[in-house]
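Reviewing the structure listed below.
The chains referred to below are lettered A, B, ... by the order of the sequence lines, with proteins before strands, and numbering in each begins at 1. What you see is a predicted model, and the numbers here were worked out from it, not measured in a lab.
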Amino acid sequence: MKFLRTKIDQLKKPFGKGEKWEKFAPAINALDTFLYVPNHVTKRGAHIRDAVDLKRTMITVVVALLPALIYGIYNTGYQYLYQVNGGEVAFMEAFLHGLGKILPMIVVSYGVGLAIEFAFAVYRGHEVNEGFLVTGLLVPMIMPVDIPLWMVGLSVAFAVLIGKEAFGGTGMNILNPALLARAFAFFAYPTYMSGNKVWVSEASHIDAVSGETILGSLATGHDVHFSMMDMFYGAIPGSIGETSTLCILVGALILIATGVGSWRIMLGGLIGASLTGLLFNLWGANALMSFPWYGHLIVGGFAFGIVFMATDPVSAAQTNKGKWIYGILIGFFCLMIRLFNPAYPEGVMLGILLMNVFAPTIDFYVVEANIKRRKKRLEASKKLKTA
Amino acid sequence: MSKKAKKSPIFLFVSEEKEPLFSKKNRKLVTDPLNDDNPITVQVLGICSALAITVQLKPALVMALAVMAVVALSNVVVSLIRNIIPNRIRIIVQLVVVAALVILVDQVLKAYSYEVSKQLSVFVGLIITNCIVMGRLEAFALGNGPWKSFLDGIGNAAGYGIILIIVAFFRELLGSGKLFGMEILGHKGVTLAESTGLYALGYENNGFMLLPPMALIIVGIIIWVQRSRNRKLIEKE
């Protein structure tokens, strides 16, 4: 590995202080720190250093995303080949078909996003942050498979520019950038992002292929011919990465075990959605409402959203009590939008974005309540002393 | 109102110093609001109408002209009577002046460009609530002569109009592929084969541009660009 180190040092030389390309130093530093742990030393003040820096955190999330991504690639091919050819579908065949569709999306997403991040790093003179490693992978995973690549690129550009850089870069965004990218595409190109024709590849060209999600079928009053087991394993149409609840659970376990994702938010979301679902099961006014509450947890993007999007440490609530409230409200709003807004059969994206906006407010009141409680305790103890 | 002004001609000229009509100071009254003191991007006034009527260029342009007429004329009128308005009821007097002018503008629009007037609907009437109008009356016309007030009104309305037109330009071009109703980017047919221009390459109109939030985002981007070019606008911490 010594060879690589000397090679990078050689490469870095023209970027040093006072050298020719000093301005572009952040770009080469990003490459360096991507491969090696940086060697800076904290210069003053009390400090604790930990091997788990932002980069490790982000890589952990990427690893947690992999099961869902691999299954998503397979499922993309499977849904298409199953409907076109019928019968059995070989794993490799389906996987390769899916890969051909999804790999370009991932490349475009990373390419556009990293280009903007690097440009801003150079322009503003700060280092490139790693936050985009996760965002860049999340964006393709929450898009329908047939979306044109330039729309993916434009959505990513919007999310990084308006959602992140305008607020000051990584760690300053109030909204989850990946969800913002999806929301942008959703409102800008609704015909590519919603409806019954987009969730299986080529469904808009071939009449025999139906590209309807389960929530879409329920909303339009069609019959659902997938078993609960299919929905849990994920052999259903939907956005690329969100269909398999099983793979998402594996990811959730990785996030919880490493402490990267907050279990309070995930559990809160689960409780919120389950209770809301149960409540409307009792009412059961239409197909969506009488769809069993546990079904609502495993279809659509709920599982993916609550595990990978809601737990984004930047845009979520920070206090422990706040995380519970935040999670429960996301579950609640997700179901409310699904059940009561016929235009949006899926509500988890809007639910999370809405709560992103309210997260600081939740934190504020949690902290205020804590201060009040402690003030009261102080006064009580003072009274005790004087008595 | 003009009668009152005639009755008290002294007030008209008392505070005026002799200076050429387009002195440097007077020119600054018009040019400042275009950039350094822009009513929308710097003072952040009149945002609501900027969101509502900027889907297409034509209504935005008409709105900008309507606001210009109202601001400039009300500035002149209030400036003429500024020394005889009792201070405690000045807001009501200003409102009467502005309301009269808004109704005039509304009637002119209805008479000469009915289609645009229908598109603008209530927003012409709502010019009266546009903060820029009252803001300029309070901040400028009450303390300055009619000529200066007129220039100030023209300048501020132009600053408002420029932003309106920039926002409407992007929203109409990207949202419906048109400018002033003309298809700039080609024609979008039902299928790809029937389309021409960019649409034949698979380009799609951006539906988000037609929604009001996008106007807010574009105004935000304009503010961002303006401030990074014009460093003195950045507040000191």
> CD1 of B/I217 to CG of A/L161: how many Å apart, nearest 0.5 Å?
Replying inline: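 Answer rounded to 0.5 Å: 11.5 Å.
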> Between CE of B/M214 and CD1 of A/I162, what distance do you get to the nearest 0.5 Å?
Replying inline: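 With rounding to 0.5 Å, CE (B/M214) is 7.0 Å from CD1 (A/I162).
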> Side chain, backbone, both or neither: which part of B/I221 has a heavy atom under 4.5 Å from chain A?
Replying inline: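 Side chain only.
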>> Report which part of B/M209 has an atom under 4.5 Å of a heavy atom belonging to chain A: side chain, backbone, both, or neither.
In response: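 The answer is neither part of B/M209.
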Using a 6.0 Å cut-off, check whether atom [atom1] of [X] has over 12 heavy atoms from anything other than its own residue.
X      : atom1 : answer
A/F340 : CZ    : yes
B/I92  : CD1   : no
A/K101 : NZ    : yes

> For the residue pair A/W150 and B/Y203, does the interplanar ring angle fall in the parallel (under 30°), tilted (30 to 60°) or perpendicular (over 60°) class?
Replying inline: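 Parallel: the ring planes of A/W150 and B/Y203 meet at under 30°.
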> Is chain B contacted by the side chain of A/Y192, its backbone, both, or neither, given a heavy-atom distance below 4.5 Å?
Replying inline: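 Answer is side chain: those atoms of A/Y192 sit under 4.5 Å from chain B.
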> Where on A/A185 is there a heavy atom nearer than 4.5 Å to chain B: the side chain, the backbone, both, or neither?
Replying inline: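 Neither part, no heavy atoms under 4.5 Å.
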> Should A/Y189 and B/F208 count as side-chain neighbours, where that means a heavy-atom distance under 4.5 Å?
Replying inline: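 Answer no - side chains too far apart.
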>> Any heavy-atom pair between the side chains of B/N206 and A/F184 that's under 4.5 Å?
In response: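 Counting from C-beta outward, A/F184 and B/N206 do come under 4.5 Å.
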